[in-house]
Amino acid sequence: MTDRPVRVRFAPSPTGYLHIGSARSALFNWLYARHSDGKFILRIEDTDQKRLVEDALDDFAAGLRWLGCQWDEGPEVGGDYGPYFQSQRLSVYRQWADWLVEHGHAYRCYCSEERLGRVREEQTAAKEQTGYDRHCRYLTPEQRAQHEATGDPYVIRLAVEPLDGSTTFHDAIRGAITFEHSLLQDAVLLKSDGWPTYHLAAVVDDHFMQISHIMRSDEWLSSAPLGVLLYQAFGWEQPVWAHLPVILNPNGKGKMSKRHAVGADGKSIPVLLKDYIADGYLPEAMANFLANVGWNLDGSTEVFTPEQAIAAFDISAINPSPAAFPYDKLVWLNGVYIRQLDDDDLYQRLLPFVARGAGLSVEAMAGRPELRPAVPLIKERIKTLAEAAPMLDYFFVDGLLAYPDPQALIGEKMSTAQTVEALHGSAAALASLANFDKDSIEACLRAQAEMLGLKIRQLLHVVRVALTGAKVSPPLFATIVSLGRERALARLAAAAKAVE
Ligand code: GLU
Ligand code: ZN
C-alpha cells in the first residue's frame, strides 16, 4: 500500500461521450478522494487527434458535475500539476522517451510499415504469435548511425527486460497479478509524429501529477504490465493499482459495450450518461445507484447519501467479479428519490421535461398554473421525470384533444353505443353539479355508472381517455377539477363524436 497523500484521477479520452460505466469509474475515484481527504483530478487524454469528438469535453464536465463529482484539478479549474490536456504535454513525453533511450530501457525502431507487415505475414504463416520481432533492439551502432544519417523516421519502443521470467504486482481489488515477460511486446511509446502512445503518456502523467492510486476499468488490466515495467524503468514509485470489475449487460450476457446495452427484457437500454439525464433520472439516484455497481455500503442498505458512501468507501471492499448492470434497480431507486423530493423541488425539476413534451419554453411552462397542482397527483406514479410529460400533456392543450385512435375510447366489454351513452351521460351529470370538487365528481360518476349498468372501472376508463387522451393519468377526480368544467364537458362531447 502507500502512505502518500491520496491523489486519484479520471482520465477519459474525448473520443465519445461519457459512458455510464466510465461514470462509475469517475464516481469511485471521487468517493475515494473525498473519503481520504485527497484530490480528484480530471485529465483529458486527447492523444488520438483523429478521433476527437468536439463537444466531448463539455459532455464530461457537465456529466461529472451533474453526478456531483466535482474535480479539484483539471480543465476549467486549473491546478499545480497542469496542463491537464495530454495534447499540451508533448515535450514532456518526448523528454522522458529520450531519457529511456539514453538509459537503455527503450530504443529507436526504424522499421517501415512494409517490413512490419512482412514480419506479421511470416509469423502468421509459421503459426507463431504475431508481434514486433525486436529487430531494431539489436542494431549495431553503425547500422543505427546510418539510419540517423539518412534521417529515417522512427518510433521509440520499450525494451521489455528481462525477456524471460515474470513480474508480480499487487492489485488492490484483485490481489497478486503475475505476468510472463515472454508474452509482452516491445510496445511503441512515442510515435514517429512525436505523439506518445497511451502507455507512455499515462505513466508519465500519473507520475508527475503524483497520482497515488490508479483506479480504472478492467479493460486496462492488460496494459498494467507495461505500466508496471515503465515505472520500474524510470525508477519511480509504483502507484497502487486497482482494476474495477467489468459491467455486464442487465441480461447478464456479455460486457456492456460502448455503443449499446441489452436490458433484462432483451430491449436496449441507454449507455451514455447524457441519455439517462434526458430520460429524467435524478443525479442523487444515479450516484446512489452507480455506487452499488461493484461496491455496497454495508451489504444490505441500498438507499444512502453521498456522505454515507464517502465515509464507508474502501477500494479493498470492491468486488472483483463482473457485475450485471441492474437497470431495473435504477428505475426503482429513481422512483424512491422522486417520492422523497418535496413538491416544489419536484415541480422545478419537472418543468423542462413537461415543457418539452408540450412544445413550450420552460418560461412559458412556468407561467402555466396547471402544473404545480398536478405535481402531488403524479408524484407516486412516475419513476422518471420524463414519464410525467405524456401524463400531463392534456393540460397544455387548450381546447379539444385529437383522438387518433377512437377505438381506445371504448370501454372494456362495452359497445360503441354504450360508450357514447356513457360519455353523454357523464357530461350531463357533471354539467349539473353544484360543486365542482373532487368528492362531488366522484359521487356523481359513481351514480352515473350505476344508472348505466356499468362497473365504475368501465366508466372511468371512458372518461379518462376522453379527458386525457391516455389510459393512465394522475388520479382522475382531481384531474377533472384541475382541468376545469368547461374543458371537461367540451372534451366529453368531442370524444362522443369521435367514437360515433
Ligand atoms: N484514456 C483512457 C480511457 O479512455 C484512460 C485509462 C486509464 O484510466 O488509465 O479510458
Ligand atoms: Zn524496428
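For ligands, and for the atoms within them, numbers begin at 1 and follow the listed sequence. By convention here, the first residue in the shown sequence is residue 1. Bear in mind that the values here come from a model prediction, so they are computed numbers and not experimental data.
- Ranking protein heavy atoms by distance to atom 5 (C) of ligand 1, first place goes to Ala11 O, 3.0 Å.
- Between Asp186 and Tyr107 the shortest side-chain heavy-atom distance falls below 4.5 Å.
- Residue, atom and distance of the protein heavy atom nearest to atom 8 (O) of ligand 1 are Arg9 NH1, 2.7 Å.
- For the residue pair Thr384 / Asp279, no side-chain donor-acceptor distance below 3.5 Å is found, with atom types taken as modelled.
- With respect to atom 3 (C) of ligand 1, the closest heavy atom belonging to the protein is Trp220 CZ2, 3.5 Å.
- Judged as a ring-ring contact (aromatic ring centres under 6.0 Å, His included), not a single pair has a partner in residues 334-363 (not counting sequence neighbours).
- When only non-hydrogen protein atoms are considered, atom 1 (N) of ligand 1 lies nearest to Glu45 OE1, 2.5 Å.
- The proximity of Ala202 to ligand 1, defined as any non-hydrogen pair under 4.0 Å, does not occur for either the backbone or the side chain.
- No hydrogens or angles considered: a donor-acceptor pair under 3.5 Å links the side chains of Ser217 and Glu219.
- Looking at Leu330 and Tyr276, their side chains come closer than 4.5 Å, going by heavy atoms from C-beta outward.
- Within the 4.0 Å heavy-atom shell around ligand 1 one does not find Glu219.
- Shown here are the side-chain hydrogen bond (donor to acceptor under 3.5 Å, both in side chains) partners of Asp58, two or more places apart in sequence or in another chain: there are none.
- Looking at atom 4 (O) of ligand 1, its nearest protein heavy atom turns out to be Ser13 OG, 3.1 Å.
- Remark: the Asp205 side chain and the Gln86 side chain contain an N/O donor-acceptor pair separated by less than 3.5 Å.
- Note on ligand 1: Phe10 sits outside its first shell, no heavy atom being nearer than 4.0 Å.
- The side-chain hydrogen bond (donor to acceptor under 3.5 Å, both in side chains) test with Glu73 is passed by exactly one of Arg9, Arg7, Arg43, Lys39: Arg7.
- For residues 144-173, every residue pair satisfying the salt bridge (Lys or Arg N to Asp or Glu O under 4.0 Å) rule, not counting sequence neighbours, is listed here: Arg108-Glu148.
- Near-neighbour remark for the Zn ion (ligand 2): protein N, O or S atoms under 2.8 Å are Cys109 SG, Cys111 SG, Tyr132 OH, Cys136 SG; waters not counted.
- Counting heavy atoms from C-beta on, the side chains of Glu284 and Leu341 come closer than 4.5 Å.
- Nearest to atom 9 (O) of ligand 1 among the protein's heavy atoms is Tyr198 OH, 2.4 Å.
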